[in-house]
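Below: one structure, written as structure tokens.
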Amino acid sequence: MQVTSKGQVTIPQEIRNRLGLLPHTKVAFELAGDHARDRKAGRENRSKRQRTLALEALRGTADVRMNTDEIMALNARKTRPRKRHN
């Protein structure tokens, strides 16, 4: 890893995935002897803003287009008990 002229580093994708680091997630750096550790900052990151960002990241990823009425009808068919024909 290399520090840019702006003091930035890129956290590898595997580490971001494992720690759940989304865009705009706050991280904390701790000095430990001659090295630094970074970690996801405390629970304040689980704010409404953070959840909104997570949802925005997922928005548009579905490949099936359905309106609300179609979804409700599909849901109703799955939960309604089947009628018996005697």
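Bear in mind that the values here come from a model prediction, so they are computed numbers and not experimental data.
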message: Let me confirm one number: the NZ-CG distance from K26 to L21, rounded to the nearest 0.5 Å.
response: 14.0 Å
- prompt: Roughly how far, to the nearest 0.5 Å, is the CG atom of L19 from the CD1 atom of I11?
  reply: 8.0 Å
Could you report the tightest heavy-atom contact between [X] and [Y], atom names first, then the distance?
X	Y	result
Q2	V9	O-CG1, 3.9 Å
E70	R65	OE1-O, 4.2 Å
N67	D69	OD1-N, 3.1 Å
A36	L31	CB-CD2, 4.3 Å

- request: Please indicate whether Q8 has more than 12 foreign heavy atoms, meaning atoms of other residues, nucleotides or ligands, lying under 6.0 Å from its CD.
  value: yes
message: Please check if the number of heavy atoms outside M72 that lie under 6.0 Å from its CE is greater than 12.
response: no
